[in-house]
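Working notes for the structure below.
Each chain gets a letter, A, B and so on, in the order the sequences are listed, and its residues count up from 1.
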Amino acid sequence: MREPQTTPPSTPTVLKASATKRHGVVHRLEKDAVAWLCLLPLLTLVSAVLIYPMLSSFRLTFYEWHLGTKLDTVKFVGLQNWWKLLRDPRISRSIGITVKYSGASLLLSFVAGFGLAMLFWKEVRGIRVLRTLVLLPMFVTPVLVGVVWRMIYDPVFGHANYLLSLLSIAPQRWLSDPNLVLLAALITDLWKRAPYVFLLILSGLQALPQDIYEMADVDGANAWAKFWHLTLPLLSPVIAITLVFSFVAAIQTFDTLATLTRGGPGDLTKVYNLRINELTFQQGYVTYGATGSYLLLFVTFGLSWYLIKTLFRPTEV
Amino acid sequence: MGKAYHMGRRLKNALARAAVYIIGTAWLLFGLYPLFFTITSSFKEAKLIRRLPPQLVLFSPTLDNYRDLFEYFDFLRYLKNSLILAVGTTAIVVVLALLAAYALARLDFRGKRMIEMLLVVLLLVPAMTLIVPIYLLFLRLRLTDTLLGLMLLYSAFLAPSTTWMLRGFIHEIPRDLEDAAMIDGCSRVGAVFRVVLPLLGPGLVAVAILAFRVAWNEFLFALTLTGAASRTLTVAASAFRTDLQVRWGPLTAGATLILIPPLLFTLLMQRQLVRGLTHGAIK
């Protein structure tokens with residue numbers, strides 16, 4: 001967009017060269033100061049609440065301390081916590097469950113969300129209302145998702161079993177049956193996460209240029225060809241971002257499973273965050289929990305590296 | 001092209017269309033039914049809620065469950081806490097993020113790149129990593145069991161994403177408008193108030209809704225950092241599991257009350273919301 005030409009107010013031509021230079025430097029410092037002043041409140045808060053705890057947490061991983069014990073029992077242990085973490089069978093088990101759960105969650109919610117986006121893509125009358133309705137589960141308080149679905153999965157009064165009874169299938173103990181609990185958790189997870197994928201993919205679809213499709217129609221392409229050769233390739237950046245976002249979110253699951261299954265039965269749904277929380281607060285093993293949570297941070301950062309590279313474009317001034 | 005071809009094609013289209021409608025409707029039913037169940041159950045008499053086959057629509061509504069909820073479970077206090085927390089957080093976040101976003105969008109200064117990188121990196125920090133140091137920090141600062149503490153905490157969490165969102169929105173407002181206002185005699189601050197803020201409406205709404213929702217829904221830190229005085233709705237809701245396991249009446253009533261505000265805001269502001277949510281991801 002061409003900027004409209006504005007004539008600057010006429011500057012006096014008689015100016016000492018040194019005066020101009022000083023004016024420039026002071027002005028620049030002033031501008032910098034204004035900008036930093038604007039950022040000050042935010043930066044102060046973020047430093048105190050995010051950065052300092054983040055660094056402090058990292059330091060904790062090199063010590064040994066338990067909640068409730070006196071502060072002078074703090075001991076420096078070097079990399080011991082880290083060695084222990086990498087060899088801990090319960091942690092490995094938890095990681096395995098988390099990967100299984102998150103992978104399945106990603107797959108299900110992606111397929112469903114993508115399908116929904118394709119379904120609700122066309123701009124017909126009233127589609128906006130339907131799209132909003134599809135989005136609703138996404139905004140439900142995660143804690144409540146667990147509470148509500150617990151009711152649905154109730155073995156005696158829950159509507160899940162009622163539905164099964166209509167199909168002449170025996171009632172299941174959804175949340176206490178080791179074979180079914182992951183499935184139950186994944187259905188709930190799908191319910192909550194698919195709308196998010198739907199939203200992202202839909203936005204991607206809406207940003208696609210329409211003329212290519214018209215040209216394809218002229219060439220006689222059918223719906224499948226258009227999808228495979230046009231839509232998918234054009235959507236690949238959006239798909240990549242969506243997959244990374246969704247996976248990162250999935251491995252950090254806490255609230256919903258905390259109320260739906262509490263990690264049970266046994267520790268079958270004790271995903272990583274639940275295990276770390278248990279370590280830190282129930283067992284009071286604060287330093288070990290910090291180590292575990294830092295591992296999650298490294299993994300998250302690693303996975304999101306791609307995201308950072310895409311999102312972080314040169315500043316537009 | 002023969003007539004049979006066209007008819008075959010039309011049939012295929014019709015079948016495809018029917019499949020789309022069926023799948024779409026099925027999903028909507030799946031998605032909305034749990035919410036429908038919860039909200040309608042909250043108005044049913046206790047014994048009707050568990051009745052199978054469920055009486056979905058034809059029942060005489062009652063407010064008994066809500067009455068029980070407030071009388072026996074101290075719900076009003078939790079509601080008040082969550083409300084104050086959410087509104088307070090929103091106020092803080094909007095001010096902080098707006099200031100920072102303006103500086104990032106309009107001003108050029110040394111260290112700008114560094115700040116931008118910092119914000120992006122902070123977006124990725126998992127909450128669990130921070131829980132222990134923050135708990136210890138709050139203990140030292142006597143901020144445990146206070147709403148103010150949580151407000152500051154949530155504002156910090158929201159800072160990176162909201163700043164980024166607002167920055168994107170401000171970028172879309174042409175600079176010339178502010179420049180024109182300043183030539184007309186406005187100070188920079190004046191120009192911001194008169195030009196930028198009004199145009200930033202949808203952006204501010206999106207940020208406000210996000211902040212409200214996060215503060216209202218947050219669980220992990222609320223659980224760890226609150227005690228009896230500042231307990232929020234989400235923490236109370238997690239206790240529903242044990243206290244109200246058998247009593248689905250007050251359970252659904254409580255769930256409905258907690259559900260409604262974020263859902264309501266979502267429904268009312270969907271257009272701005274969608275723009276705001278996808279702004280950073282797609283652009």
Check your understanding: Can you tell me how far the OG1 atom of Thr25(B) sits from the CG atom of Leu119(A), to the nearest 0.5 Å?
Key -> 9.5 Å
Review point. For Phe138(B), does the CZ atom sit with more than 12 other heavy atoms under 6.0 Å from it, leaving out its own atoms?
Key: yes
Point to revise | Engaged part of Leu130(A) at the chain B interface, taking heavy atoms whose separation is under 4.5 Å | key: both
Point to revise | Minimum heavy-atom distance Leu45(A)-Ser155(B), with the two atoms named | key: CD2-CB, 3.6 Å
Point to revise | Val121(B) vs Phe301(A) side-chain heavy atoms within contact, under 4.5 Å | key: yes
Study note, to complete from the structure: Cut-off 4.5 Å, heavy atoms of chain A, and the answer for Thr129(B) is both
Practice item. Would you indicate whether the side-chain heavy atoms of Tyr272(A) and Met128(B) approach each other to under 4.5 Å? Key: no
**Study point:** Minimum heavy-atom distance Ala237(B)-Val143(A), with the two atoms named
**Key:** CB-CG1, 4.1 Å
Check your understanding: Between Leu42(A), Ile187(A), Leu67(A), which shows the greatest number of heavy-atom pairs under 4.5 Å with chain B?
Key -> Leu42(A)
Point to revise | Which portion of Leu144(A) sits near chain B, non-hydrogen atoms under 4.5 angstrom | key: side chain
Exercise for review: Below 4.5 Å from any heavy atom of chain B, which atoms of Ile152(A) appear? Answer side chain, backbone, both or neither.
Suggested key: side chain
Check your understanding: Would a 4.5 Å heavy-atom cut-off, applied to side chains only, mark Phe219(B) and Thr141(A) as touching?
Key -> no
Practice item. Could you pull out the closest heavy-atom pair between Trp36(A) and Arg110(B), with the gap in Å? Key: NE1-O, 3.3 Å
Point to revise | Interface moiety of Leu297(A) toward chain B, non-hydrogen atoms closer than 4.5 Å | key: both
Study note, to complete from the structure: Residue from Val286(A), Asn273(A), Leu296(A) scoring the most non-hydrogen pairs under 4.5 Å with chain B is Asn273(A)
Study note, to complete from the structure: Heaviest contributor of heavy-atom pairs below 4.5 Å to chain A, chosen from Ile258(B), Leu98(B), Leu233(B), Leu223(B), is Ile258(B)
Review point. Can you find a pair of side-chain heavy atoms, one from Leu99(B) and one from Leu39(A), that are under 4.5 Å apart?
Key: no
Check your understanding: Would you say the side chain of Phe281(A) lies within less than 4.5 Å of the side chain of Ile131(B), judging by non-hydrogen atoms?
Key -> yes
Point to revise | Contacting moiety of Ala35(A), where chain B heavy atoms sit under 4.5 Å | key: both
Study note, to complete from the structure: From the list Gly254(B), Pro53(B), Ser41(B), the residue making the most non-hydrogen contacts under 4.5 Å with chain A is Pro53(B)
Practice item. Write down the atom of Pro53(A), the atom of Pro133(B), and the distance for their closest heavy-atom approach. Key: O-CG, 3.3 Å
Check your understanding: To the nearest 0.5 Å, what is the distance between CG (Asn277(A)) and CG (Leu220(B))?
Key -> 6.0 Å
Check your understanding: Do Asp154(A) and Trp248(B) pass the side-chain contact (heavy atoms from CB on, under 4.5 Å) test, and can you show the C-alpha distance, the side-chain angles, and the key distance before you say yes or no?
Key -> CA-CA 11 Å; Asp154(A) 187 286; Trp248(B) 283 14; 3.7 Å; yes
Check your understanding: In terms of heavy-atom contacts, does OH of Tyr21(B) have more than 12 from other residues, nucleotides or ligands at under 6.0 Å?
Key -> no
Review point. Do you know the tightest heavy-atom contact between Val134(A) and Trp27(B)?
Key: CG1-NE1, 4.2 Å
Practice item. Check each atom of Ala48(A) against the heavy atoms of chain B and say whether the ones under 4.5 Å are side chain, backbone, both or neither. Key: backbone
Practice item. Counting only heavy atoms closer than 4.5 Å, note whether Leu202(A) contacts chain B via side chain, backbone, both or neither. Key: neither
Revision key, fill the gap. Of Val156(A), Leu37(A), Leu190(A), the largest count of non-hydrogen pairs under 4.5 angstrom with chain B goes to Leu190(A)
Check your understanding: Is it the side chain or the backbone of Thr300(A) that comes within 4.5 Å of chain B heavy atoms, both, or neither?
Key -> side chain
Practice item. Please test Leu43(A) against Leu118(B) for side-chain contact (heavy atoms from CB on, under 4.5 Å), starting from the C-alpha separation and ending with a verdict. Key: CA-CA 10 Å; Leu43(A) 286 179; Leu118(B) 179 70; 4.3 Å; yes
Practice item. Taking the side chain as every heavy atom from C-beta outward, state whether Leu130(B) and Tyr52(A) have any atom pair closer than 4.5 Å. Key: no
Point to revise | Side-chain donor or acceptor of Trp191(A) paired with backbone N/O of Phe30(B) under 3.5 Å | key: yes
Practice item. Heavy-atom pairs under 4.5 Å with chain A are the metric here; pick the option from Leu32(B), Ile49(B), Leu137(B), Ile23(B) that has the most. Key: Leu32(B)
Review point. Would a 4.5 Å heavy-atom cut-off, applied to side chains only, mark Leu50(A) and Ile134(B) as touching?
Key: no
**Study point:** Proximal component of Val49(A), with respect to chain B [non-hydrogen, under 4.5 Å]
**Key:** both
Check your understanding: For the candidates Leu133(A), Ile51(A), Val46(A), Ile276(A), which exhibits the highest count of non-hydrogen atom pairs separated by less than 4.5 Å from chain B?
Key -> Leu133(A)
Check your understanding: Got a second to check how far Phe139(A)'s CZ is from Leu35(B)'s CG, nearest 0.5 Å?
Key -> 12.5 Å
Study note, to complete from the structure: Greatest number of non-hydrogen atom pairs under 4.5 angstrom with chain A, of Val125(B), Leu153(B), Thr163(B), falls to Val125(B)
Exercise for review: Measure distances from Tyr33(B) to the heavy atoms of chain A and classify the residue's part below 4.5 Å as side chain, backbone, both or neither.
Suggested key: side chain
Exercise for review: Nearest 0.5 Å please: distance from the CE atom of Met151(A) over to the CZ atom of Phe37(B).
Suggested key: 5.0 Å
Review point. Checking heavy atoms, do the side chain of Leu28(B), its backbone, both or neither come under 4.5 Å from chain A?
Key: side chain
